[in-house]
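A quick write-up on the structure given underneath.
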Amino acid sequence: MGQLLRVQNFMVSSDGFGTGEGQSLERPFGHADPGALFSWAGATASWPNRTDPGGSRGLDDYFTRDFSRNIGAEIMGRNKFSPLRGPWENEEWRGWWGDEPPFHTPVFVLTHHARPSFTLSDTTFHFIDADPATALATAREAAQGKDVRLGGGATTIREFLDADLVDTLHIAVSPVKLGAGVRFWDSPDELLDRFHRDVVPSPGGTVTHHLYWRK
């Protein structure tokens, strides 16, 4: 199938929100508790931030490991990188991930405001003003034959879905209700006109995995 554009391990609340409202430097998910949304992944043996031995194996662990499988580049929206809006008044801000970001590839941040690229460890962030098709072409070239991950947030993924560019999605639906925020969908059935779907409950019962692949 060539280079795929993949959505991996994207978290959605049971009422359809990809994140809460009121995003800030201190609260990248707004009023949403990321611990509740990500608990299924954090419990796995392969969770990259695990500091103690153990962790679950099985399906949840497979999805945690699959996050980086054959990924050569990532595309993300500006507000996955930063809560700041408008021109970059503080270029000292280098994201929420510290000196060792979890991407390990080139990352293309969609923004209308130019900013120089920079590298942290083995991740280089590039800031581009581009429509979805152009951004994908740029990321595919950088990925050198590997797939491209579409990292979010919800608005960015919907833009690429609207442009009919997404090949596969893994959406982890949490039982948590947010009530407000950035909506990803009104119903998981919305994508069935273009995608096949399997729905698999997490072995731990904490989320339901929705797997979509293009028809």
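Excluded from the calculations below are hydrogen atoms, water molecules and symmetry mates; all remaining heavy atoms, backbone and side chain alike, are included.
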Quiz item: Is there a donor-acceptor contact under 3.5 Å linking the side chains of Ser46 and Asp61?
Solution: yes
Quiz prompt | Heavy atoms from other residues, nucleotides or ligands near CG of Asp162 exceed 12 (cutoff 6.0 Å) | solution = yes
Practice problem: Kindly work out whether a path of hydrophobic side-chain contacts (I/L/V/M/F/W/Y, heavy atoms less than 4.5 Å apart) joins Val200 to Leu192. | Solution: no
Quiz item: Got a second to check how far Leu120's CG is from Glu100's CD, nearest 0.5 Å?
Solution: 8.5 Å
Quiz item: Are Val207 and Val173 close enough, and set up right, to give a side-chain contact (heavy atoms from CB on, under 4.5 Å), and what steps lead you there?
Solution: CA-CA 5 Å; Val207 296; Val173 179; 6.0 Å; no
Self-check item: For Phe160 against Pro132, the heavy-atom pair lying closest together
Solution: CE2-O, 3.4 Å
Quiz item: Hey, is the main chain of Leu25 close enough, under 3.5 Å, to the side chain of Arg27 for a donor-acceptor pair?
Solution: no
Exercise. Please name all residues satisfying side-chain contact (heavy atoms from CB on, under 4.5 Å) with Glu89, sequence neighbours left out, ordered by chain then number.
Key: none
Quiz prompt | Which atom of Ser14 lies closest to which atom of Pro175, heavy atoms considered | solution = OG-O, 3.4 Å
Quiz item: Can any side-chain N or O of Arg149 pair as donor or acceptor with the backbone N or O of Phe67 at less than 3.5 Å?
Solution: yes
Quiz item: Is a side-chain donor or acceptor of His113 paired with a backbone partner of Asp129 at a separation under 3.5 angstrom?
Solution: no
Quiz item: How about Ile128 and Val109: do any of their side-chain heavy atoms sit closer than 4.5 Å?
Solution: no
Exercise. Please confirm whether the backbone N or O of Arg69 pairs with a side-chain atom of Asp66, one donor and one acceptor, at under 3.5 Å?
Key: no
Practice problem: Answer yes or no: is there a donor N or O on one side and an acceptor on the other, between the side chain of Asn9 and the main chain of Phe63, under 3.5 Å? | Solution: yes
Practice problem: Can you measure from OG1 (Thr168) to CG (Leu5) and round to the nearest 0.5 angstrom? | Solution: 8.0 Å
Quiz prompt | Taking every non-hydrogen atom, the tightest pair across Ser13 and Asp15 | solution = OG-OD1, 2.6 Å
Practice problem: Tell me whether Leu169 is reachable from Leu4 by hopping between hydrophobic residues (I, L, V, M, F, W, Y) whose side-chain heavy atoms are closer than 4.5 Å. | Solution: no
Practice problem: Would you please indicate if the ring centroids of Trp213 and His196 are separated by under 6.0 Å? | Solution: yes
Quiz prompt | Qualifying residue, where the test is side-chain contact (heavy atoms from CB on, under 4.5 Å) with Leu161 and the options are Tyr212, Trp185, Phe195 | solution = Phe195
Quiz item: Is the NZ atom of Lys215 crowded by more than 12 outside heavy atoms at less than 6.0 Å?
Solution: yes
Quiz prompt | Non-neighbouring partners of Asp33 that pass side-chain contact (heavy atoms from CB on, under 4.5 Å), sequence neighbours left out | solution = Ala36
Self-check item: Linked, directly or transitively: Leu211 and Val7 (ILVMFWY side chains, under 4.5 Å)
Solution: no
Practice problem: Can you sort out the partners of Thr123 under side-chain contact (heavy atoms from CB on, under 4.5 Å), two or more places apart, ordered by chain and number? | Solution: Pro101, Phe103, Val107, Phe125
Quiz item: Passes side-chain contact (heavy atoms from CB on, under 4.5 Å), Phe17 versus Val12? Steps please.
Solution: CA-CA 5 Å; Phe17 295 98; Val12 174; over 6 Å; no
Quiz item: Between Arg50 and Asp52, is there a side-chain N and carboxylate O pair less than 4.0 Å apart?
Solution: yes
Practice problem: Output the distance between atom CD1 (Ile157) and atom CZ (Phe10), rounded to the nearest 0.5 Å. | Solution: 4.0 Å
Quiz prompt | Electrostatic pair Asp147-Arg6, nearest N-O below 4.0 angstrom | solution = yes
Quiz item: When rounded to the nearest 0.5 angstrom, what is the spacing between OG in Ser68 and CD in Gln8?
Solution: 9.0 Å
Exercise. Look at the side-chain heavy atoms of Ile, Leu, Val, Met, Phe, Trp and Tyr, link any pair under 4.5 Å apart, and say whether Val199 and Met11 land in one connected group.
Key: no
Quiz prompt | Separation between OG1 of Thr134 and CZ of Phe108, rounded to the nearest 0.5 Å | solution = 12.5 Å
Quiz item: Between the side chain of Gln23 and the main-chain N/O of Gly30, is any donor-acceptor distance below 3.5 Å?
Solution: no
Exercise. Could you grab the distance from atom CZ of Phe118 to atom CD of Glu92, nearest 0.5 Å is fine?
Key: 10.0 Å
With a 3.5 Å cut-off and sequence neighbours excluded, list the donor-acceptor pairs that the side chains of residues 75-82 form with protein atoms.
{"from": "Arg78", "atom 1": "NE", "to": "Leu84", "atom 2": "O", "distance (Å)": "3.0"}
{"from": "Arg78", "atom 1": "NH1", "to": "Gly86", "atom 2": "O", "distance (Å)": "2.6"}
{"from": "Arg78", "atom 1": "NH1", "to": "Thr111", "atom 2": "OG1", "distance (Å)": "3.4"}
{"from": "Arg78", "atom 1": "NH2", "to": "Leu84", "atom 2": "O", "distance (Å)": "3.1"}
{"from": "Arg78", "atom 1": "NH2", "to": "Gly86", "atom 2": "O", "distance (Å)": "2.8"}
{"from": "Asn79", "atom 1": "ND2", "to": "Ser82", "atom 2": "O", "distance (Å)": "3.0"}
{"from": "Lys80", "atom 1": "NZ", "to": "Glu74", "atom 2": "OE2", "distance (Å)": "2.9"}
{"from": "Lys80", "atom 1": "NZ", "to": "Gly151", "atom 2": "O", "distance (Å)": "3.3"}
{"from": "Ser82", "atom 1": "OG", "to": "Leu84", "atom 2": "N", "distance (Å)": "3.0"}
{"from": "Ser82", "atom 1": "OG", "to": "Trp93", "atom 2": "NE1", "distance (Å)": "3.4"}

Self-check item: Any pair counted as salt bridge (charged side-chain N to carboxylate O under 4.0 Å, His left out), so long as it reaches residues 185-199, sequence neighbours left out
Solution: Arg158-Glu190, Asp164-Arg194, Arg183-Asp186, Asp189-Arg197
Exercise. Would you sort out whether Asp167 and Arg214 count as a salt bridge (Lys or Arg N to Asp or Glu O under 4.0 Å), showing the intermediate values?
Key: CA-CA 5 Å; Asp167 295 298; Arg214 185 189 289 273; 3.3 Å; yes
Quiz item: So, for Ala135 and Ala130, which heavy atoms are closest and what is the spacing to 0.1 Å?
Solution: N-CB, 3.9 Å
Practice problem: Could you walk me through whether Ile71 and Val148 pass side-chain contact (heavy atoms from CB on, under 4.5 Å), step by step? | Solution: CA-CA 6 Å; Ile71 294 294; Val148 175; over 6 Å; no
Self-check item: His170-His209 side chain donor-acceptor pair, cut-off 3.5 Å
Solution: yes
Quiz item: When you measure from the side chain of Thr19 to the backbone N and O of Phe29, does any donor-acceptor pair fall under 3.5 Å?
Solution: yes
Quiz item: How would you list, by chain and number, every residue that makes a side-chain contact (heavy atoms from CB on, under 4.5 Å) with Thr206, sequence neighbours excluded?
Solution: Ser39, Trp40, Ser202
Quiz item: Which atoms form the tightest heavy-atom contact between Arg94 and Arg115, and what is the distance?
Solution: CG-NH2, 4.2 Å
Quiz item: Counting distance only, does the side-chain N/O of His31 pair as donor-acceptor with the main-chain N or O of Glu21 below 3.5 Å?
Solution: yes
Practice problem: Would you name the heavy atoms of Thr155 and Val182 that are closest together and state the gap between them? | Solution: OG1-CG1, 3.4 Å
Quiz prompt | Derivation of the side-chain contact (heavy atoms from CB on, under 4.5 Å) call for Leu110 and Thr156 | solution = CA-CA 9 Å; Leu110 301 178; Thr156 297; 4.1 Å; yes
